[in-house]
Amino acid sequence: MTSREVRELTDQFILPTYGRFSVAIDHGKGARLYDMEGREYVDFTSGIGVCDLGYGCQTWVDAITQQAAKLGHVSNLFYTEPAARLAEILCRRTGMAGAFFANGGGEANEGLIKLARKYSFDRYGKGRATIITLKNSFHGRTITTLKATGQAVFHNYFFPFTEGFRYAEANDLASLEAASGVDVCAVLVELIQGEGGVLPLDREYVTELAKICADRDWLLLVDEVQTGIGRTGTLFAFQQYGIQPDALTFAKGIAGGLPMSGILAGQKCRNVLGPGTHATTFGGNPICAAAALAVQETLNDAFLQEVQRKGQYLRENIEAMDLPCLGKTRGMGLMIGVEVREGNVNRDLASRLIDNGLLVLTAGTGLRLLPPLVITKEEMDEGLARMRKALR
């Protein structure tokens with residue numbers, strides 16, 4: 001099929017829930033993607049932080065193929081090896097006590113909210129179920145996670161929303177205190193607000209927040225859907241903040257391109273969700289878990305240190321271009337936000353970059369870069385050259 005035919009078929013038969021760019025992708029290799037006509041793009045998006053091993057990674061392909069030939073799916077009424085091994089690796093690498101596997105980030109955050117409310121109910125009974133989240137946050141597109149999201153623009157159309165959320169300003173302990181109360185059971189944060197514009201929280205704020213949660217027996221919940229699985233240069237972003245969450249969520253890069261997500265719970269709430277309290281049919285699917293094991297084998301300490309160096313290299317070179325439409329960069333590892341200066345529109349800039357063979361994302365009012373973690377210096381340099389050409 002041609003790109004035009006793919007676009008027309010999509011528009012005819014798929015619900016119009018996405019503001020797509022006019023590119024139809026056919027295949028990829030490394031950090032490069034190709035459309036139906038063979039035009040090449042350097043990919044600074046990795047499927048919104050999903051394809052951390054890039055495209056065509058043979059180790060990943062082999063893991064999926066071998067597991068598919070052995071066992072594609074069996075219900076969670078039975079045991080399977082890939083999910084068990086994956087849970088062990090994640091717990092040992094994070095100091096957490098147990099895992100629950102699901103399919104997408106919003107679903108994982110739904111489970112996290114249930115865990116927090118049941119923890120509080122088990123200890124204190126009814127009336128202590130409110131969760132504080134931060135303004136400018138994003139936690140998913142289900143009815144409940146839309147309400148948990150601290151952006152008013154998302155609180156529309158789908159009434160009535162799930163109650164039990166209050167919002168505080170990021171990096172503002174006074175605002176957190178104003179949102180507190182005897183009905184609070186947890187605080188849910190992104191350590192880097194991704195959809196909000198790639199905005200890292202201050203380390204001092206996070207440290208004090210952790211202390212407050214511990215003192216008041218509020219669960220400290222961290223949404224690592226976008227920041228987790230090596231994206232920031234450690235397996236999870238919390239490991240660079242010197243805290244230990246009571247529970248966290250992950251998704252996106254966990255299986256390198258297959259749909260998988262989950263929750264990691266600390267010892268404090270290890271046994272909160274018992275049989276019958278939470279479930280999902282495809283959670284821990286053997287093929288997804290096998291793919292995730294291939295990802296974990298790649299993300300060793302040396303690899304993660306290289307992710308940090310790659311991120312620094314990209315940020316320094318973008319700022320050194322001194323482009324009139326772009327300002328400072330921010331972020332951690334290969335999760336990079338780029339300021340778009342006043343008078344420019346981020347989506348317009350993204351379209352110009354795509355027209356010049358560089359795929360990027362937007363977030364807030366800026367640009368967002370989430371390259372595959374395996375991106376090479378040659379691929380980074382080619383992407384930077386295309387950025388310079390498009391925006392100078």
Side-chain angles (χ1 to χ4, degrees), residues 15 17-19 45-50 99-118 129-168 170 185-199 201 219-229 231-232 236-238 245-255 257-265 273 277-284 288 335 361-364 368 370:
L15 296 181
T17 59
Y18 300 101
T45 74
S46 63
I48 315 185
V50 169
F100 175 87
F101 295 117
N103 307 286
E107 182 188 358
N109 282 332
E110 283 268 350
L112 192 69
I113 291 164
K114 287 177 67 176
L115 182 147
R117 289 181 171 171
K118 187 171 184 299
T130 296
I131 297 174
I132 298 174
T133 68
L134 300 184
K135 296 179 181 178
N136 207 44
S137 62
F138 181 83
H139 297 294
R141 294 185 181 275
T142 67
I143 292 292
T144 298
T145 56
L146 280 174
K147 188 63 174 178
T149 292
Q151 298 184 56
V153 67
F154 290 102
H155 303 158
N156 202 1
Y157 307 123
F158 310 112
F159 305 102
F161 287 97
T162 306
E163 295 301 321
F165 297 94
R166 288 200 291 272
Y167 314 106
C185 68
V187 179
L188 170 60
V189 299
E190 303 162 280
L191 294 172
I192 304 175
Q193 294 184 327
E195 299 291 334
V198 191
L199 305 171
L201 297 185
L219 291 189
L220 175 58
L221 310 176
V222 179
D223 178 344
E224 295 246 22
V225 166
Q226 192 165 148
T227 56
I229 319 302
R231 175 56 51 187
T232 65
F236 289 98
F238 83 82
D246 293 305
L248 64 87
T249 51
F250 57 87
K252 293 195 180 288
I254 181 64
L258 295 187
M260 192 179 204
S261 68
I263 300 168
L264 288 176
L273 295 176
T277 59
H278 197 55
T280 180
T281 296
F282 294 104
C288 294
M335 183 174 181
L361 301 161
T362 61
R368 176 175 38 158
L370 303 171

Parallel, tilted or perpendicular, as decided by the 30° and 60° cut-offs, for the rings of Y167 and H155: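 Parallel.
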Ring geometry between F236 and F238 (parallel below 30°, tilted from 30 to 60°, perpendicular above 60°): parallel
Ring centres under 6.0 angstrom apart (F159, Y157):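 Between F159 and Y157, the centre distance exceeds or equals 6.0 Å.
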Calculate, to the nearest 0.5 Å, the distance between atoms [atom1] and [atom2] belonging to [X] and [Y] respectively.
{"X": "L112", "Y": "I263", "atom1": "CG", "atom2": "CD1", "answer": "5.5 Å"}
{"X": "I113", "Y": "T249", "atom1": "CD1", "atom2": "OG1", "answer": "9.5 Å"}
{"X": "F250", "Y": "S261", "atom1": "CZ", "atom2": "OG", "answer": "7.0 Å"}
{"X": "I143", "Y": "E110", "atom1": "CD1", "atom2": "CD", "answer": "9.0 Å"}
{"X": "F101", "Y": "I254", "atom1": "CZ", "atom2": "CD1", "answer": "7.0 Å"}
{"X": "I132", "Y": "L221", "atom1": "CD1", "atom2": "CG", "answer": "11.0 Å"}

Flag the pair [X] / [Y] as yes when at least one side-chain heavy-atom distance between them is below 4.5 Å, and no otherwise.
{"X": "L201", "Y": "L134", "value": "yes"}
{"X": "T277", "Y": "K114", "value": "no"}
{"X": "Q151", "Y": "Q193", "value": "no"}
{"X": "L188", "Y": "F165", "value": "no"}
{"X": "T227", "Y": "V222", "value": "no"}
{"X": "R231", "Y": "L370", "value": "yes"}
{"X": "I131", "Y": "R117", "value": "yes"}
{"X": "K252", "Y": "I229", "value": "no"}

Determine the minimum heavy-atom distance between [X] and [Y], stating which atoms define it.
{"X": "A237", "Y": "E224", "result": "N-OE1, 2.9 Å"}
{"X": "F161", "Y": "F154", "result": "CZ-O, 3.8 Å"}
{"X": "G194", "Y": "M335", "result": "CA-CE, 3.6 Å"}
{"X": "V50", "Y": "G257", "result": "CG1-CA, 3.5 Å"}
{"X": "G150", "Y": "S137", "result": "N-OG, 2.8 Å"}
{"X": "N103", "Y": "G283", "result": "OD1-N, 4.0 Å"}

Whether [X] side chain and [Y] backbone form a donor-acceptor pair below 3.5 Å:
{"X": "Q226", "Y": "G49", "result": "no"}
{"X": "T133", "Y": "T149", "result": "no"}
{"X": "N109", "Y": "T145", "result": "no"}

side-chain contact (heavy atoms from CB on, under 4.5 Å) against T45, all qualifying residues, sequence neighbours excluded: D43, L359, L361
Side chains of T280 and E107, donor plus acceptor under 3.5 Å: yes
CA sep, side-chain torsions, deciding dist, call: H139, T144, side chain to side chain contact (heavy atoms under 4.5 Å, CB included): CA-CA 9 Å; H139 297 294; T144 298; over 6 Å; no
Of all pairs that satisfy salt bridge (Lys or Arg N to Asp or Glu O under 4.0 Å), the ones with a partner from residues 130-140, not counting sequence neighbours: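 Non-adjacent pairs meeting salt bridge (Lys or Arg N to Asp or Glu O under 4.0 Å): K135-E169.
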Listed once per pair and sorted, the salt bridge (Lys or Arg N to Asp or Glu O under 4.0 Å) pairs that draw on residues 141-163, sequence neighbours left out: none
